[in-house]
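Have a look at the structure below before the remarks.
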Amino acid sequence: MNLANSLLIKFRGNFITKSFLLHSNFSTNRSMVDKITNLNDALNLFDEMSHTRPLPSIVQFTQLLHLVTKMKHFSSSLHLFNQMCSLGVPVDKYSISIAIKCCCQLYRTKDGFALLGCCFRRAIPPNVYIFSALLDGLVLEDRILEAEILFKKLIKQNLCEPSVVTYNTMIKGLCKFGYNVTAVALLRLMEQKNCQPKMVSDKGILPNVITYNSLICGLCKFGRWDEASKMLKQMEDDNISPNVKTFTALVDAFCKEGKVKEAEAVINIMIERGKVPNIVTYNSLIDGYCLRGEMIKAREIFDSITLRGLVPDVVTYSSLLNGYCKNLNIEKAEEMFHEMTVKGLKPDVVTYSTMIQGFFQVGRCVAARRLVDEMHAQGQIPDQCTYGIVLDGLCNNHLVEDALSLFYLVGNSKLNSDIAVYNILIDGAGKNGKVEVARILFQGLIDKGLQPDVRTYNVMISGFCREGQLGEAKLLFLKMEESGCPPNDVTYRVLLQGYLKNRHYDDVEMLLQEMDDRGYSLDASTLSLFIDHIAAGLLDRSMLKLFGKLVPKELLNDPSLCDWE
DNA sequence: TTAGGGTTAG
């Protein structure tokens, strides 16, 4: 051990040593562990234990490890595990399970699997806890296919008897990717297993409230209301009552669709059933009102939180702040930003990113940049999302050169391996009259092995159209299908607008026909462009019937569009 | 083993 480390240990050990020596000794380690409520105390105790001779038992070390993990200090816990190893404490299946769990929660599932290898080498049979942790790690890292493979392997090779946690983890992962059908199938498998007369394990694997919450949440997220409500019913048939999280998932789903009245109805139902909405529930509701631009109402909800005995948290403030930013009330947003710090809440990376975007949106680029610096100074590290916001903000303020400089400065890192970054820059370049730069970026991402998505194609096509390069636009449009990325409704609208604006009518009828075949409709801006062209007699009136089919019902009665005949 | 906030096309 080096001098610095030993000094650190002395320094940290100071206070806690006295109190522990007074009250207990290591043979009653359990009660000591129980008294620990924060990371510092835990670390101090560990130091102390590691200096005791003979060394406390593995059980005592593991209890401490478990505690630190429960406090979600995964990286500290892992560090302690390593120290235990170097102290020569013989690690057992419990301590190694905890270490694997920590790796997985830290998005280091790879290391988790390395430790699994250790298990095999030390003849420690991995248990269901270890496999569930690994499965969760894969899910966290969005490696759903590998998770599925592992899960199947567990069952087929009888590596362990999956527990309800294993099933729930897998269901959660499937729902995360919208694989609802498979997720429900897994629920059925659980039920079916439960009906088998002979269970291998002593406890049956019954779906619990977490199982249903994952499923309901997953179904809601993809707008599958009917199935979600059936699931809710089944849950109650199984005598599992929805809890606050279940209801909040419903509230959140409604709010994300702007259906705030429905969301409030759910809140009323949950209150009737004796469940108390918490801060997460109200945060969702605030989001819902912000999305609709109903800021007065959003503010009302915000104010009501305190009256209900709840405390607004960082998310509450960030949500309302975001609402103000999106509705271009930057002064109010700044007010919230200030107020939260006064209340002792620390703006986090999301709060900063939101505020930065708000500044860019009102053209206050200097303020935005200053906030990026402040964010750094406060120890909040800008992430992928912040990066996107900054690039987009620069482009939208005609600072595309700055955005590109930043992009090239960042170079070949993970940040620049995101298709969204390219989409932002290609769009920004195109909108700032640099379609050649856009083209180079497009080629660059392909050379890098990245896959263009439908937005990439759309912004590139839009860039070509803007410059009147309709041939290029059409080529790219045709390439979409063969590249396995079929055009969507936006693609058609972009291309149609390009054709109309450039008075190039050859393909218009064909595009309209394809849109009709695919069940797409025209949006208000494409529609009004069409109306102008028809009114000016530039379009063949034979197209009118087809055109009429593409007008969405909700626009039919729009007074600004009805005098075109 | 479950829930909440910030990024890209029209």
Side-chain angles (χ1 to χ4, degrees), chain A residues 101 105 128-129 132-133 135-136 139 163-173 175-176 208-218 220-221 243-253 255-256 278-288 290 313-323 325-326 347-358 360 382-393 395-396 418-428 430-431 453-463 488-498 522-526:
Chain A
K101 160 110 191 144
Q105 293 296 308
V128 61
Y129 180 93
S132 300
L135 206 58
D136 199 35
V139 167
S163 67
V164 66
V165 176
T166 326
Y167 276 99
N168 286 351
T169 306
M170 198 61 226
I171 288 176
K172 176 183 77 178
C175 287
K176 191 174 172 185
N208 59 18
V209 66
I210 297 178
T211 323
Y212 280 106
N213 283 355
S214 294
L215 283 162
I216 289 169
C217 209
C220 284
K221 206 162 81 185
N243 63 14
V244 177
K245 288 186 184 176
T246 323
F247 284 115
T248 301
L250 296 171
V251 169
D252 191 56
C255 286
K256 291 221 160 68
N278 61 22
I279 190 68
V280 180
T281 322
Y282 289 109
N283 286 348
S284 289
L285 195 57
I286 289 178
D287 255 351
C290 288
D313 62 11
V314 178
V315 178
T316 322
Y317 275 95
S318 302
S319 296
L320 196 58
L321 194 150
N322 181 44
C325 286
K326 292 278 146 65
D348 63 12
V349 57
V350 177
T351 326
Y352 277 108
S353 304
T354 309
M355 201 67 220
I356 289 167
Q357 191 189 34
F360 273 124
D383 63 10
Q384 190 83 47
C385 228
T386 323
Y387 183 55
I389 288 170
V390 170
L391 290 178
D392 192 50
C395 289
N396 289 334
D418 182 1
I419 193 65
V421 165
Y422 280 92
N423 293 348
I424 291 167
L425 288 176
I426 291 171
D427 191 39
K431 282 183 177 146
D453 65 12
V454 66
R455 288 182 194 224
T456 324
Y457 283 106
N458 291 350
V459 290
M460 197 63 237
I461 289 172
S462 164
N488 65 7
D489 50 348
V490 178
T491 322
Y492 280 95
R493 291 171 193 161
V494 167
L495 202 56
L496 274 173
Q497 291 212 14
L522 294 164
D523 63 331
S525 73
T526 318

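So you know, we letter chains A, B, ... as the sequences are listed, proteins then strands, and number each from 1.
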A:S319 near the nucleic acid: base, sugar-phosphate alone, or nothing, with a heavy-atom cut-off under 4.0 Å?
sugar-phosphate
Of B:dA9, B:dT1, B:dT8, the nucleotide closest to the side chain of A:N423 is B:dT8
How many whole angstroms separate atom OH of A:Y282 from atom P of B:dG5?
18 Å
Considering only heavy side-chain atoms of A:K245, the closest of B:dT2, B:dT8, B:dT1 is B:dT2
Which part of the nucleic acid, if any, lies within contact of A:Q497, taking any heavy atom under 4.0 Å across all strands shown: a base, the sugar-phosphate backbone alone, or nothing?
sugar-phosphate
So, does the side chain of A:D453 form a donor-acceptor pair with the base of B:dA9 at under 3.5 Å?
no
Quick check on B:dG5: is either OP1 or OP2 less than 4.0 Å from any side-chain nitrogen or oxygen of A:K326?
no
Among B:dT1, B:dT8, B:dT2, the one nearest any side-chain atom of A:A420 is B:dT8
From C-beta outward on A:T386, which listed nucleotide comes closest to its side chain: B:dG10, B:dG6, B:dG5?
B:dG6
Starting at CZ of A:R493 and ending at P of B:dG10, how long is that distance when rounded to a whole Å?
11 Å
Scan A:C385 against the nucleic acid and name what it touches under 4.0 Å (heavy atoms): base, sugar-phosphate only, or nothing.
base
Tell whether A:T354 reaches the base of B:dG6 with its side chain through a donor-acceptor pair below 3.5 angstrom.
no
Quick one: the side chain of A:S284 and the base of B:dG5, do they pair up donor-acceptor inside 3.5 Å?
no
